[in-house]
Novice: 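Take this structure first; my questions come after.
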Protein chains: 2
Amino acid sequence: MNDMHADDSAGSPRRIKSIQTASAILEAIQYLETPTFTDLCNEVDISKGTVHTYLETLENEGFITKSGKEYRLGVRLVTMGESVRNQTDIYRAGQDEVEKLAEKTGEWVHLTVECQGQEVTLYESSGDRAIAMDYHLRMRESPQYLYHTAAGKAMLACFDRDRVREIVDQQGFVQRTEKTITDLETLFDELDRIQAQGYAVNDEEEVRGMRSVGTAITGTDATVCGAISVTAPTSRLSGDYFESEIPELVMEAANIIEVNLETAGVQKPR
Amino acid sequence: MNDMHADDSAGSPRRIKSIQTASAILEAIQYLETPTFTDLCNEVDISKGTVHTYLETLENEGFITKSGKEYRLGVRLVTMGESVRNQTDIYRAGQDEVEKLAEKTGEWVHLTVECQGQEVTLYESSGDRAIAMDYHLRMRESPQYLYHTAAGKAMLACFDRDRVREIVDQQGFVQRTEKTITDLETLFDELDRIQAQGYAVNDEEEVRGMRSVGTAITGTDATVCGAISVTAPTSRLSGDYFESEIPELVMEAANIIEVNLETAGVQKPR
DNA sequence: ATCGGAGTTTGTCATATACAAACCTATATG
DNA sequence: CATATAGGTTTGTATATGACAAACTCCGAT
């Protein structure tokens, strides 16, 4: 047996290598947007012939489409994604509240969940004052670091600190603005504060000029199901409105979602 | 070499078997909603051990999640699906028009594309009179047969008849109501009529009590990019409104989307 | 006409995969 | 309380499968 089992997993868990490869290719396509065959070969470091076979298979299965020379993710994923959303209790329990909150505040509202140590947006809604930003596209299109956002930090605050350490160790700190949290010490302090006050704020830590207020949505057994947040420009989100009114609204919404989850949700969250 | 190359593909195109298997498992999970390990084993006819390894891998890659004993599709798919949508020109070009049409008519409006001979919903919007129906969930969550819907038939009408025959041969006719088209003859007649009048109707062919009006959205070179449709109960969708007003509105919307596609769309549709 | 880059096909060997069977681990059953 | 049984996981192993390299085709540029 080969001794270069560089697999992170000590010992047993067998994996299907081809799926990992396929996953990497899909990720590359998503990342490169509309790559050509050669783009992909450069990105993934697998022999041309093999990449070809993978693309052929993935296209045949509907995971990708080729238009002309360009590959892109296939619409089968839209269907699957939609299906996931509708099966996710927190989406069903929270959609209405997100819309209401967006209407009340007039700003962007996000409903997110944690997945593999990152934050995934399940649903978003914008009020009439919400500004159009590519930012929101990015939010929806790719997972974010939990410590970058209000909702993310709110979820982290509910986690066991060891788990937080683990997540951060694995991902490292990526600095997005000069206010981004970039060390464990500061993060832990922040999480303590969040835990104490019941909600988290994000003060230009991810995007300059933008603030958010978020709070976790928890299940009966105190497990984190997700989080909800309001995002707006600093000009509009400041003073008492930022420090008390909005947090109040956000926590109220989270609370209602929690109740919805408990009453309707026969099965476990997520 | 083994001579039982039962592969439908004559001769060459090599495929990665593991991806096909993984795809089948994902499909089974989507279909069964929240299957347990054994449910899946029964569904897919692969040895227990192997299924285990696949699930392990798929979970590790974020394609599925295990909550308790239940497997379900993972939120990574939400992100990917969203990414696909936003890269799809017709979605960007058509979203606004769909919303406007929903507002004008007060009913359900769908923006769909063809994928592997089936119809996939890219976006939908409901007006204030639109009835809540599980039907719409199904529309969004899984591909539909093209000959079942107004939008689908509108797209079929633009295809080469050989292609239509091919699609139908492969999928067969599934009867949903007593009005569903169930033979090629009738379908071809219908497609001719659609081609002549510029739009398609669906008169309780998919769901009893529901009618729709749809039309194709085509690119510069007459290629089909997708379709748009309005759906409402027969009670509201009848007479002149059904036969002329709504078709007019639908075709107008399609037209605007086509213009958007041409002006904004630097790259090819889909 | 010729070249070169991009993409596809094929032969081949190492190895990843799928099976079977053994092995755990909870939950039901006598 | 012991035992059975179903649900789930791990392991050894033969063989089908994937990955590479190199040959090949196609198309646009020079």
Side-chain angles (χ1 to χ4, degrees), chain A residues 1-26 28-29 32 34-61 63-72 267-268, chain B residues 1-29 32-61 63-72 267-268:
Chain A
M1 205 190 262
N2 201 329
D3 64 335
M4 53 181 301
H5 254 282
D7 256 313
D8 47 311
S9 50
S12 28
R14 288 190 192 180
R15 300 272 154 82
I16 305 293
K17 199 182 148 196
S18 311
I19 293 181
Q20 298 178 319
T21 309
S23 172
I25 290 178
L26 288 174
I29 295 177
L32 298 170
T34 49
T36 171
F37 177 77
T38 336
D39 293 342
L40 280 169
C41 289
N42 296 341
E43 184 74 15
V44 297
D45 194 51
I46 305 170
S47 82
K48 280 201 299 177
T50 307
V51 171
H52 182 75
T53 314
Y54 272 88
L55 292 174
E56 192 91 355
T57 312
L58 287 170
E59 186 181 6
N60 188 245
E61 295 297 324
F63 290 115
I64 65 176
T65 6
K66 175 159 61 169
S67 39
K69 289 185 168 305
E70 293 174 346
Y71 288 92
R72 54 184 72 195
Q267 51 209 343
K268 279 218 166 177
Chain B
M1 202 189 266
N2 201 329
D3 64 335
M4 54 180 300
H5 254 280
D7 256 313
D8 47 313
S9 49
S12 27
R14 290 190 191 181
R15 301 272 155 82
I16 306 292
K17 198 180 149 198
S18 311
I19 293 181
Q20 298 177 320
T21 309
S23 172
I25 289 178
L26 288 174
E27 200 175 329
I29 294 177
L32 298 170
E33 305 251 311
T34 48
T36 171
F37 176 78
T38 337
D39 294 342
L40 279 169
C41 289
N42 297 339
E43 184 74 14
V44 295
D45 194 51
I46 304 171
S47 81
K48 280 201 298 178
T50 306
V51 171
H52 182 76
T53 313
Y54 272 87
L55 292 174
E56 192 92 353
T57 312
L58 288 169
E59 185 180 7
N60 188 245
E61 296 296 325
F63 290 115
I64 65 175
T65 6
K66 174 159 62 167
S67 39
K69 289 183 170 304
E70 292 174 345
Y71 287 91
R72 55 184 71 192
Q267 50 209 343
K268 280 219 165 175

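Letters A, B, ... are given to chains in the order of the sequence lines, protein chains preceding strands, and every chain is numbered from 1. For clarity, every value in this text was computed on a predicted model and none was experimentally measured.
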Novice: Considering all heavy atoms of both residues, which atom of A:S47 and which atom of A:T50 are nearest to each other, and what is their separation?
Specialist: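 For A:S47 versus A:T50, the nearest heavy atoms are OG-OG1, 2.9 Å.
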Novice: What closest approach, in Å, do B:L55 and B:I29 show between heavy atoms, and which atom pair accounts for it?
Specialist: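 Looking at all heavy atoms of both residues, the closest pair is CD2-CD1, 4.2 Å.
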Novice: Is there a side-chain polar atom (N or O) of B:K17 under 4.0 Å from OP1 or OP2 of D:dT17?
Specialist: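 The answer is yes; a side-chain N or O of B:K17 sits under 4.0 Å from OP1 or OP2.
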Novice: Rounded to the Å, how far apart are A:N60 CG and C:dT8 C1'?
Specialist: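 So the two atoms are 16 Å apart, to the nearest Å.
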Novice: Could you state the CD1-P distance from A:I25 to D:dG18, rounded to the nearest angstrom?
Specialist: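 Atom CD1 in A:I25 sits about 13 Å away from atom P in D:dG18.
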Novice: Taking all non-hydrogen atoms of both residues into account, name the closest pair between A:T65 and A:E59 and its distance.
Specialist: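 Nearest pair, atom of A:T65 first, then A:E59: CA-CG, 4.5 Å.
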Novice: Expressed in angstrom and rounded to an integer, what is the separation of B:I19 atom CD1 from D:dA19 atom C1'?
Specialist: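 The answer, rounded to whole Å, is 13 Å.
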Novice: With a 4.5 Å cut-off on side-chain heavy atoms, are A:E61 and B:Q20 touching?
Specialist: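 Yes - at least one pair of side-chain heavy atoms lies under 4.5 Å apart.
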Novice: Is any side-chain N or O of B:H52 closer than 4.0 Å to OP1 or OP2 of D:dT9?
Specialist: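 Indeed, a polar side-chain atom of B:H52 lies that close.
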Novice: Heavy atoms only, 4.0 Å cut-off, all strands: where does B:K69 land among base, sugar-phosphate and nothing?
Specialist: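 Sugar-phosphate, backbone atoms only, no base.
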Novice: Looking at A:Y54, I'd like to know whether one of its side-chain N or O atoms comes within less than 4.0 Å of OP1 or OP2 on D:dG18.
Specialist: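 It does not, given that no N or O in the side chain of A:Y54 lies less than 4.0 Å from OP1 or OP2 of D:dG18.
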Novice: Could you check how far OH of A:Y71 sits from C1' of C:dA6, rounded to whole Å?
Specialist: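 Whole-Å distance recorded here is 11 Å.
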Novice: Would the distance check show the side chain of A:S23 and the main-chain N or O of A:I19 forming a donor-acceptor pair, the cut-off being under 3.5 Å?
Specialist: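 Looks like no, no N/O pair under 3.5 Å.
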Novice: Taking A:I16's backbone N and O only, do any of them form a donor-acceptor pair with B:T57's side chain (distance below 3.5 Å, no angle check)?
Specialist: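 Present.
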Novice: Using a cut-off of 4.0 Å on non-hydrogen atoms, how would the nucleic acid contact of A:T53 be classed: base, sugar-phosphate, or nothing?
Specialist: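 Since no nucleic acid heavy atom lies under 4.0 Å of A:T53, the category is nothing.
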Novice: With respect to the phosphate group of D:dT9, does any side-chain polar atom (N or O) of B:K66 fall under 4.0 Å of OP1 or OP2?
Specialist: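 For D:dT9, OP1 or OP2 has a side-chain N or O of B:K66 closer than 4.0 Å.
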Novice: Write down the distance between CZ (A:R14) and P (C:dT15), rounded to a whole number of angstrom.
Specialist: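 It is 16 Å, rounded to the nearest whole Å.
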Novice: Considering just the side-chain nitrogens and oxygens of A:T50, establish if one lies under 4.0 Å of OP1 or OP2 belonging to D:dG18.
Specialist: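 No, because none of the side-chain N or O atoms of A:T50 sits under 4.0 Å from OP1 or OP2 of D:dG18.
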Novice: Where is the tightest heavy-atom contact between B:D39 and B:P35, given as atom of each residue plus distance?
Specialist: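 In this case the closest contact between B:D39 and B:P35 is OD2-CA, 3.5 Å.
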Novice: Roughly, in whole Å, what's the span from CD in B:E56 to P in D:dT11?
Specialist: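 One finds 12 Å between P of D:dT11 and CD of B:E56, rounded.
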Novice: Name every residue in residues 38-47 of chain B that has at least one heavy atom under 4.0 Å from any atom of DNA chain D, in order of residue number, or write none if there are no such residues.
Specialist: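 Going residue by residue through residues 38-47 of chain B, the ones with a heavy atom under 4.0 Å of DNA chain D turn out to be B:T38.
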Novice: Rounded to whole angstroms, how far apart are CG on B:L55 and C1' on D:dT9?
Specialist: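 Atom CG in B:L55 sits about 12 Å away from atom C1' in D:dT9.
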Novice: With a 4.0 Å limit, can you tell me whether B:S18 has a side-chain N or O closer than that to the phosphate oxygens OP1/OP2 of D:dG18?
Specialist: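 Answer yes for this pair, as a side-chain N or O of B:S18 is under 4.0 Å from OP1 or OP2.
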Novice: Given atom CD1 of B:I16 and atom C1' of C:dT15, what is their separation to the nearest angstrom?
Specialist: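 Going from B:I16 (CD1) to C:dT15 (C1'), I get 14 Å.
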Novice: Quick one: is C:dT17 close enough that its OP1 or OP2 comes under 4.0 Å of any side-chain N or O from B:T21?
Specialist: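 Looking at the OP1 and OP2 atoms of C:dT17, neither is under 4.0 Å from any side-chain N or O of B:T21.
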